[in-house]
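Keep in mind the model is a prediction, meaning the values are calculated, not measured. In the text below, chain A, chain B and the rest are named by the order of the sequence lines, each starting its count at 1.
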2 protein chains.
Amino acid sequence: MVTKAEREPQPRLPLTRRRILGAAIELADAEGIAAVTMRRVARQLGVEAMSLYHHVANKEDLLDGMVDEIVRKIEDELGVFTVEKGTTGWQQKLRHMMLTARRVMLRHPWAPAVIETRTKMPPSLIRYFETILGTMIEGGFSYDLAHHAMHTLGSRALGFNQELFVPDTSAEEQESNEMFAAMMAELPYMVGMLSEISHDSPDSTLGWCDDQTEFEFGIDLILDGLERLRDQGT
Amino acid sequence: MVTKAEREPQPRLPLTRRRILGAAIELADAEGIAAVTMRRVARQLGVEAMSLYHHVANKEDLLDGMVDEIVRKIEDELGVFTVEKGTTGWQQKLRHMMLTARRVMLRHPWAPAVIETRTKMPPSLIRYFETILGTMIEGGFSYDLAHHAMHTLGSRALGFNQELFVPDTSAEEQESNEMFAAMMAELPYMVGMLSEISHDSPDSTLGWCDDQTEFEFGIDLILDGLERLRDQGT
DNA sequence: ACCTGAACACCGTTCAAGT
DNA sequence: ACCTGAACACCGTTCAAGT
């Protein structure tokens, strides 16, 4: 159930690719990517599922388009803020781009997973990487180091960290005492870390870690490493 | 079409969870993760789809189990080789673990995507991270730094790099001349990088990049950065 | 040119029934 | 206890038909 009416009141504006992508993104934001089916997106627009196929080739193309729109949002947000003072160094520029991208991603939590399953880069993403690359080259990187840097940044360039373990606290509280005792015995380091971490990070999204802090730690470590390699002329 | 007969010749060995997971992994290896449906896995075992539900709760549980099996394979491979000479430092130990994990992942290319969609950690993965964590703590890390380190390594700890852009060469060759001319104009840095990279890396999986080299570059940059932070007592 | 309705070949999963 | 067959409520996509 999306909040907006599933039938448009308007006399029917013409269906366009952009309008379809917008509806799909709204749906994904509201109900998760699983809700994005051809039939549901169509219903959202007051139209039959088959009508979509006149504007998108198939579902993969729909997902490609959604990613393209999301990256455009990053570009838009950068366009507004990028002309700031004081962000002169390549390191600050990249940091700013990545944190901006992250803000957009946090608004569309389904996007990282969809991006990672894409098999071809949408045009906006190529432009985005061109900007990152240009920042590095103008910052004194060789093409070779810049290339390595792109791979090392990976998804962080787009503002997200592939979080491998997202332990849900609810499940954790269910399997309580004896489970924890067994853990103490077999996983001493894990238990040690958790007991030290858990009371330090009140802002945690998941009860454990402050994702924003971890994201920034990661990019800073990588950016510092890259600067060192640039200075020794790799 | 999988090479092995879809009907088992044996008088019918009893269905077990391990046997189901094994069949699912075989299927994913041979035909990709999309071929792993309850019906297909069942057929592979000469059984009806519904029979699987006596050993796995549902499809998510099946996927959880597949990941668990894959991580066990890493543990097995580590068990054999881990008692080597000369791998005394924490850096070499971690490097060795990650490269071992990577060898396993390369044999099961569907695994990274499945791992990233898991919502809870399978037991083998907890054990695996305990080993990594222990290596860091014994190597002089604070729990806090070790925690940041886990987040920074991310999927690299399991041997894969979230490759964002996997441009397929076939598509690239199709949209040839005018496309490339437009690219020259709008994407000068990209073109510059590509022309320098392309003739340097003959071993590339995709025609562009040597994934193994990029993986090692990334982990080494991160490990070096961590060592520096450890030494300054963060 | 754009949209539709019925239909096809799939899914995961439930349920009542078999042995 | 373990396996089955039919059925349900979905998918993405094709095709021929409407305007």
Here DNA chain C, pairs taken as Watson-Crick or G-U under 3.5 Å and shown with ( ), [ ] when crossing and | when to another strand, reads ||.|||||...|||||.||
Would you say the side chain of His54(A) and the base of dC3(C) hold a donor-acceptor pair, judged only by whether the two atoms sit under 3.5 Å apart?
yes
Side chain to side chain donor-acceptor pair (under 3.5 Å) filter on Tyr128(A), not counting sequence neighbours, yields none
May I ask you to evaluate whether Ser51(B) reaches the phosphate of dC2(D), defined as a side-chain N or O under 4.0 Å from OP1 or OP2?
no
Please enumerate all residues that pass side chain to side chain donor-acceptor pair (under 3.5 Å) together with Ser51(A), with sequence neighbours excluded.
none
Glu216(B): what forms a side chain to side chain donor-acceptor pair (under 3.5 Å) with it, not counting sequence neighbours?
Arg95(B), Gln212(B)
So salt bridge (Lys or Arg N to Asp or Glu O under 4.0 Å) across residues 152-162 of chain A, not counting sequence neighbours, yields none
Can you list every side-chain hydrogen bond (donor to acceptor under 3.5 Å, both in side chains) pair that touches residues 54-64 of chain B, not counting sequence neighbours?
Arg17(B)-Asp61(B), Glu60(B)-Arg118(B), Asp64(B)-Arg118(B)
Glu48(B) CD to dT4(D) P, in whole Å, measures 5 Å
Side chain to side chain donor-acceptor pair (under 3.5 Å) filter on Arg107(A), not counting sequence neighbours, yields Glu77(A)
Sorted by chain and number, sequence neighbours left out, salt bridge (Lys or Arg N to Asp or Glu O under 4.0 Å) with Arg102(A) holds for none
Collect all protein-nucleotide pairs involving nucleotides 8-15 of chain D in which both atoms are nitrogen or oxygen and the distance is under 3.5 Å.
unit_1  : atom_1 : unit_2   : atom_2 : d
dG12(D) : OP1    : Met38(A) : N      : 3.4
dG12(D) : OP1    : Lys59(A) : NZ     : 3.1
dG12(D) : OP2    : Met38(A) : N      : 3.1
dG12(D) : N7     : Arg39(A) : NH1    : 2.5
dG12(D) : O6     : Arg39(A) : NH2    : 3.1
dT13(D) : OP2    : Tyr53(A) : OH     : 2.9
dT13(D) : OP2    : Lys59(A) : N      : 2.9

Quick test of your reading of the model: are Asp68(B) and Arg72(B) salt-bridged, counting only N-O distances below 4.0 Å?
yes
